[in-house]
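Below is one structure, written out as structure tokens; comments come after it.
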Amino acid sequence: MHIYDSVAKRKLPFTPLHGRDVTIYVCGPTVYDDAHLGHARSAVAFDILRRTFEMQHYNVTFAKNVTDIDDKIINKAIEQKRSISDVAGEYLQSYERDMAALNVKSADISPKATQSLEAMTQMIQTLLDKECAYQTPNGDIYFDTSKDDDYGCIAQRNEDETQTKQRVESSDEKRNVKDFALWKASQGEFSLSSPFGTGRPGWHLECSAMIEKHFQGTIDIHGGGADLLFPHHENEAAQTRCATGHKIANYWMHNGFVRINGEKMSKSLGNSFFIKDALQNYHGEVLRFYLLSSHYRQDFNFSEEDLLASKKRLDKLYRLKKRLGETAAAKKPEAQFAKGMLEAMNDDLNTSKALALLDEMVAQGNEALDLDPKDKGSKKLFAANLDFVGKLLGVGLEDPFRYFQFGLDPRFIEQIEALIAKRAEAKKAKDFAAADAIRDEIAAMGITLMDTPNGTVWEKSG
RNA sequence: GGCGGCAUAGCCAAGUGGUAAGGCACGGGCCUGCAAAGCCUUGAUCCCCGGUUCGAAUCCGGGUGCCGCCUCCA
């Protein structure tokens with residue numbers, strides 16, 4: 001396995017710290033709104049990473065935190081006259097529902113900020129004791145970046161030459177522009193109590209404290225979106241280094257951004273693409289497959305056109321699955337296919353290449369079935385290939401008929417099937433004009449018919 | 001201003017020293033009562049200029065263009 005390390009800025013061979021055990025920690029969502037395509041991209045990228053390890057018999061422990069106390073959540077709660085936990089709970093549930101629809105596996109550990117208070121206050125205390133942090137008169141506690149000689153080693157930026165924009169809030173309280181809050185003193189009714197008074201923890205502190213609490217040492221891989229590299233991960237690294245004496249992570253991975261029609265997707269631009277909206281129109285696997293079509297580090301530019309192109313690709317996988325029917329899979333997938341897939345994934349998660357191999361495998365499967373539709377041996381083998389793909393990439397897991405009927409009302413389905421039965425009679429009577437008329441009628445309803453040796457099957461068009 | 005990314009056929013997208021994967025769209029063919037699906041098939045010399053090399057999309061230098069981080073953000 002080779003992964004691109006964003007600190008070394010090159011691909012490195014991956015070696016776990018402890019034998020076959022791999023520890024992965026990914027920065028999860030701040031639950032103040034529904035999940036958007038950017039969340040999905042990150043979640044899918046690291047889900048793929050995890051699956052790649054798991055398929056090769058590594059013992060993975062996967063952690064993803066949930067930030068459930070934060071200004072944005074507090075503001076929303078105030079705005080809607082609700083409790084913080086109510087707001088956070090709603091959006092966490094929404095996040096988990098969306099990610100499940102994308103076949104993202106649940107984390108083994110998903111610590112919440114509100115449940116990690118002790119770990120955080122302990123770390124603050126340690127930093128204060130080591131004089132790596134200081135408290136301002138109004139009660140805020142800041143990390144003192146001047147005490148950390150290695151500050152800047154993650155993002156490798158020279159802060160002195162960085163254009164620091166004017167900060168309106170409380171910058172006068174800080175000793176140094178680079179310093180960041182470990183603890184924000186209470187400003188209203190929403191706060192937690194701590195040895196330092198009431199308030200809430202700083203965002204950067206979360207991951208450091210959680211990693212220390214759950215892993216007690218350096219983890220193998222720390223991941224997150226590219227925007228987190230600085231300052232979030234720089235700060236995390238500094239805190240852990242100063243508080244514990246060891247580095248926070250051995251490898252750093254960052255996924256690229258999502259853009260919408262060429263523009264950055266962001267809260268402030270108001271062009272967020274919410275997963276739950278997309279799931280109204282597209283099967284979750286379609287979105288997942290689309291996200292896998294480009295490399296995780298590249299910028300990802302969303303367009304409906306590309307999404308549809310991806311859907312057609314996934315459709316082909318499902319049509320093969322449909323042709324294979326109930327055939328029990330062979331014990332193992334085709335050796336060469338499995339090897340190629342793993343090689344692609346081991347090369348810093350080259351999903352584009354893996355998908356290309358998948359396309360070729362599907363074509364081979366169809367070819368074999370065209371040649372001999374009853375060849376049990378090849379049917380079993382291709383069924384095993386699809387199982388393998390399902391486990392590795394998390395696509396093709398759905399029942400093919402249900403996949404092609406995604407989002408349709410059961411009564412509508414009955415209607416279609418009644419019409420198909422009518423057409424079958426017309427066909428039997430060689431009344432092709434009538435049969436074609438029915439097909440046109442069905443097509444107008446958005447359904448495509450396919451006559452096969454085993455009868456007529458249908459799909460939602462497009 | 002500092003740091004970084006990207007530029008490959010109509011579109012999406014791999015490849016990063018040996019003569020351009022894959023997909024979508026398009027055209028052609030096979031199959032089909034007709035279709036759909038499936039299979040086969042046509043198409044790019046890789047932003048520009050210069051250099052290194054027997055050989056570069058791939059390395060180096062110089063341009064041009066687009067984008068991002070430095071402020072909450074996946």
Side-chain angles (χ1 to χ4, degrees), chain A residues 6 9 26-30 32-33 35-46 70-72 75 152 155-169 178 203 223-232 234 254-259 262-269 272 289-290 293-295 297-301 303 305-316 319-320 322-323 344 347 350-360 362-371 427 430-433 435-436 439-440 443 447-452 456-459 461:
Chain A
S6 353
K9 292 179 183 161
V26 177
C27 289
T30 301
Y32 69 101
D33 204 350
H36 54 61
L37 198 58
H39 291 108
R41 179 151 206 227
S42 174
V44 169
F46 292 106
D70 172 274
D71 284 344
K72 294 187 287 296
N75 291 340
Q156 294 151 83
R157 296 172 195 213
N158 183 345
E159 276 288 333
D160 297 334
E161 290 172 21
T162 288
Q163 192 175 51
T164 306
K165 295 190 180 171
Q166 283 294 335
R167 294 166 201 216
V168 200
E169 299 166 58
K178 295 182 278 188
W203 174 50
D227 53 335
L228 299 181
L229 181 60
F230 190 88
H232 186 53
E234 187 73 60
H254 292 90
N255 62 274
F257 267 108
V258 170
R259 287 188 285 150
E263 261 192 335
K264 181 188 171 179
M265 182 178 76
S266 78
K267 311 283 153 63
S268 45
L269 287 174
S272 291
F289 196 94
Y290 178 39
S293 66
S294 72
H295 188 85
R297 269 190 287 118
Q298 299 282 21
D299 275 349
F300 189 94
N301 185 26
S303 83
E305 190 191 343
D306 298 341
L307 175 64
L308 283 170
S310 265
K311 179 185 176 295
K312 289 184 179 176
R313 250 176 130 171
L314 182 60
D315 286 352
K316 293 173 89 163
R319 290 199 190 102
L320 174 61
K322 197 154 64 173
R323 291 183 81 179
D347 181 16
N350 192 338
T351 49
S352 308
K353 195 168 185 177
L355 259 37
L357 293 171
L358 172 59
D359 289 329
E360 283 169 356
V362 169
Q364 282 167 22
N366 281 315
E367 202 183 351
L369 289 175
D370 283 351
L371 222 62
K427 273 182 68 178
K430 305 262 183 209
D431 186 355
F432 294 121
D436 289 351
R439 183 168 57 203
D440 290 346
I447 300 298
T448 304
L449 295 187
M450 297 151 161
D451 292 332
T452 78
T456 300
V457 297
W458 60 274
E459 296 177 0
S461 310

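Letters A, B, ... are given to chains in the order of the sequence lines, protein chains preceding strands, and every chain is numbered from 1.
Counting heavy atoms from C-beta outward, A:Ser293 and A:Phe289 have side chains that stay 4.5 Å or more apart.
A:Phe300 pairs by the ring-ring contact (aromatic ring centres under 6.0 Å, His included) definition with A:Tyr290, not counting sequence neighbours. Looking at residues two or more places apart in sequence or on another chain, you find a ring-ring contact (aromatic ring centres under 6.0 Å, His included) between A:Trp203 and A:His232. A search for salt bridge (charged side-chain N to carboxylate O under 4.0 Å, His left out) contacts involving A:Lys72 returns A:Asp70, not counting sequence neighbours.
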Its contact letters, B for base, S for sugar-phosphate only and - for none at protein heavy atoms under 4.0 Å, make nucleotides 32-41 of chain B read -BBBBSSS--
In B/S/- notation (B base, S sugar-phosphate only, - none; protein heavy atoms under 4.0 Å), nucleotides 7-14 of chain B written 5' to 3' is ----SSSS
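The gap from the C1' atom of B:rA7 to that of B:rA57 amounts to 11 Å, rounded to the nearest Å. Spacing between B:rG5 and B:rG15 at atom P, rounded to whole Å, works out to 16 Å. Rounded to a whole angstrom, the distance from the C1' atom of B:rA56 to that of B:rC49 is 15 Å.
Following rounding to the nearest Å, A:Asp227 (CG) and B:rG5 (C1') show an atom-to-atom distance of 14 Å. Atom CG of A:Leu355 and atom P of B:rC24 are 12 Å apart (whole Å). When rounded to the nearest whole Å, the span between CG of A:Leu229 and C1' of B:rC73 equals 14 Å. The NE2-C1' distance, from A:His254 to B:rA74, rounds to 11 Å in whole Å.
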Every protein N/O lying under 3.5 Å from an N/O of nucleotides 56-60 of chain B:
none

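Using a 4.0 Å heavy-atom distance criterion, A:Ala309 is classed as a sugar-phosphate-only contact. A:Val457 comes within contact range of no nucleotide atom at all, as no heavy-atom separation falls under 4.0 Å.
The distance from atom CD of A:Glu360 to atom CG of A:Leu355, rounded to the nearest 0.5 Å, is 11.5 Å.
Here B:rA9 sits opposite no nucleotide as a Watson-Crick or G-U wobble pair (both hydrogen-bonding atom distances under 3.5 Å).
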